[in-house]
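Just below is one structure, and these are the notes that go with it.
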Amino acid sequence: MSTVKIARSNSASRSLAYAEKRATERSAYNCDSENIKDTQAEMQNVREIFDKTDKTQAHTVIQTFSPEESRHLTPQQVNQMGYELAEKIAPGHQVAIYTHTDKAHLHNHLVINAVNFENGKKYHHNNDFARIKACNDEIAKNHNLEIIKPKKQFEKRTSAEIQMQKRNIPSWKDEIRKQVDKVMQNRSVSSYNQFKELLKENGINVKDRGKNVTYELLDTNYRVRGSKLGSSYERNTIKSALDSRQVSQSKATVKKLPQLSNRNRLATRQDELRKKTIKNLHDKKLNGKLGLDSSIKFNKFKSPMPIQNITPINFTIPVKIITNIIEKTIKLNL
């Protein structure tokens, strides 16, 4: 089985140095992996081009394989799965993949440059665990590895509810469970806001209270927390299921691009970066960021007489000639 962890770093160089030092296998997605200094420079260049060099510089994803599976995997296979994960979770970002074999469980360190070199947007890992886990599970499945199954969800019932169930007496809590199950069975629902809106249409108001959620039957005073209904009705469980569903739907709509070799892909990306760098410098020059004052405005020159009648001043006249003219003028005045 394969698991993932996510972290962020204020120093991309430090994350790269730590991961590279213990690596036995290396690869890279959209950047160079042969030389760590080149990788650091490429990532830094992108951050500087888009003026995003402060705060979070990189994100690290640790992809770990169980000791049982690690005994049957080679470092090259593990690194390949890390590369596949980088392609899925960080398109448009530079990612360095380092495989560590110093422990019983082989694992990858994926160092993701925080800035997208195509559009300058930053990668945000908040609430991204479900998406990354879904991508990792898909890779594990393609390589015939075990997938960690989610824990079985249970309903939680009070003794009064159990007695009512035995007597076939309907419970208002069962009505809430029924409506929640109905909405979740609708595969077109892929966002938490949609979930709340559909429940409201069916007579149930959903209120978020921190990490918890409360269900309220409209036009009544009946309300209950999701945790009281069972783990299937808790906010985190529902959001996780909807996030995974959203990832699956987005994959189905992604158009396949023509495949390029790693060398051609890198050459294409470097050419794009070069063009963007030139354009960025040109824009900065036009905006006065390279020493020019963009606030200066030039007005059209209006001459009081025809331009051909104006005698130009010649600043190249020798000094001696000027001196002679001044002396002659003084003598005439005397």
Closest contact, heavy atoms only, [X] versus [Y]:
{"X": "A90", "Y": "Y123", "answer": "CB-CE1, 4.5 Å"}
{"X": "S11", "Y": "S9", "answer": "O-OG, 2.9 Å"}
{"X": "Y83", "Y": "S27", "answer": "CD1-OG, 4.0 Å"}
{"X": "A86", "Y": "L110", "answer": "N-CD2, 3.8 Å"}

Working for side chain to side chain contact (heavy atoms under 4.5 Å, CB included), residues Y192 and V213 = CA-CA 12 Å; Y192 189 60; V213 63; 3.7 Å; yes

For the pair W172 and V224, evaluate side chain to side chain contact (heavy atoms under 4.5 Å, CB included) and give the outcome as yes or no after the intermediate values.
-> CA-CA 10 Å; W172 62 271; V224 64; 3.9 Å; yes

Output a table of donor-acceptor pairs, distance under 3.5 Å, between side-chain atoms of residues 68-75 and any protein atom two or more places apart or on a different chain; print 'none' if there are none.
from: E69; atom 1: OE1; to: M1; atom 2: N; distance (Å): 2.4
from: E69; atom 1: OE2; to: M1; atom 2: N; distance (Å): 2.6
from: E69; atom 1: OE2; to: E146; atom 2: N; distance (Å): 3.0
from: S70; atom 1: OG; to: F65; atom 2: O; distance (Å): 3.4
from: S70; atom 1: OG; to: S66; atom 2: O; distance (Å): 2.8
from: S70; atom 1: OG; to: L106; atom 2: N; distance (Å): 2.9
from: T74; atom 1: OG1; to: Q76; atom 2: OE1; distance (Å): 3.4
from: T74; atom 1: OG1; to: Q77; atom 2: N; distance (Å): 3.1
from: T74; atom 1: OG1; to: Q77; atom 2: OE1; distance (Å): 3.4

Check the pair V46 / Q94 against side chain to side chain contact (heavy atoms under 4.5 Å, CB included), numbers first and verdict last.
-> CA-CA 9 Å; V46 171; Q94 297 153 303; 3.4 Å; yes

Would the H109 and Y98 ring centres measure less than 6.0 Å apart?
->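 Ring centres of Y98 and H109 not closer than 6.0 Å.
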
Is it the case that the side chain of [X] and the backbone of [Y] share a donor-acceptor pair, with hydrogens and angles ignored and the cut-off at 3.5 Å?
{"X": "T56", "Y": "A58", "value": "no"}
{"X": "N202", "Y": "L198", "value": "yes"}
{"X": "Q194", "Y": "V189", "value": "no"}
{"X": "N108", "Y": "Q63", "value": "no"}
{"X": "Y29", "Y": "I97", "value": "no"}
{"X": "S240", "Y": "T237", "value": "no"}

Partners passing side chain to side chain contact (heavy atoms under 4.5 Å, CB included) against [X] (at least two apart in sequence or in another chain):
{"X": "N119", "result": "N116, K121"}
{"X": "A140", "result": "L145, I147"}
{"X": "N205", "result": "K200, K207, E216, L218"}
{"X": "D38", "result": "D32, N35"}

Validation row: [X], [Y] side chains within 4.5 angstrom (heavy atoms):
{"X": "L199", "Y": "Q179", "answer": "yes"}
{"X": "L242", "Y": "S191", "answer": "no"}
{"X": "I89", "Y": "I112", "answer": "yes"}
{"X": "M81", "Y": "N142", "answer": "no"}

Are more than 12 heavy atoms from other residues, nucleotides or ligands located less than 6.0 Å from atom CG of D102?
->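 Counting neighbours around CG of D102, more than 12 heavy atoms of other residues, nucleotides or ligands fall under 6.0 Å, so yes.
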
Rounded to the nearest 0.5 Å, what separation is found between the [atom1] atom of [X] and the [atom2] atom of [Y]?
{"X": "T39", "Y": "R26", "atom1": "OG1", "atom2": "CZ", "result": "10.5 Å"}
{"X": "S13", "Y": "Q40", "atom1": "OG", "atom2": "CD", "result": "4.0 Å"}
{"X": "T214", "Y": "I204", "atom1": "OG1", "atom2": "CD1", "result": "13.0 Å"}
{"X": "K55", "Y": "Q57", "atom1": "NZ", "atom2": "CD", "result": "13.0 Å"}
{"X": "E118", "Y": "N30", "atom1": "CD", "atom2": "CG", "result": "7.5 Å"}
{"X": "E84", "Y": "N136", "atom1": "CD", "atom2": "CG", "result": "10.5 Å"}

[X] with [Y], same ILVMFWY side-chain cluster at under 4.5 Å:
{"X": "I6", "Y": "I139", "value": "yes"}
{"X": "Y18", "Y": "I36", "value": "no"}
{"X": "V95", "Y": "I62", "value": "no"}

What pairs with K52 under side-chain hydrogen bond (donor to acceptor under 3.5 Å, both in side chains), at least two apart in sequence or on another chain?
->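 Expected list: none.
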
N113 pairs by side-chain hydrogen bond (donor to acceptor under 3.5 Å, both in side chains) with which of Q44, H93, R47, E42?
->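 When side-chain hydrogen bond (donor to acceptor under 3.5 Å, both in side chains) is applied between N113 and each of Q44, H93, R47, E42, only R47 qualifies.
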
Indicate yes or no: does K178 engage D181 in a salt bridge with an N to O separation below 4.0 Å.
->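 D181 and K178: not salt-bridged.
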
Criterion side chain to side chain donor-acceptor pair (under 3.5 Å) on N186 and S188, from CA distance to verdict | CA-CA 5 Å; N186 184 351; S188 65; 2.6 Å; yes

For the pair F195 and Y215, name the ring-plane relationship: parallel under 30°, tilted 30 to 60°, perpendicular over 60°.
->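 Rings of F195 and Y215: perpendicular, as their planes differ by over 60°.
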
Given side chain to side chain contact (heavy atoms under 4.5 Å, CB included), test E138 with K88 step by step and report yes or no.
-> CA-CA 10 Å; E138 183 180 352; K88 289 180 178 294; 3.6 Å; yes

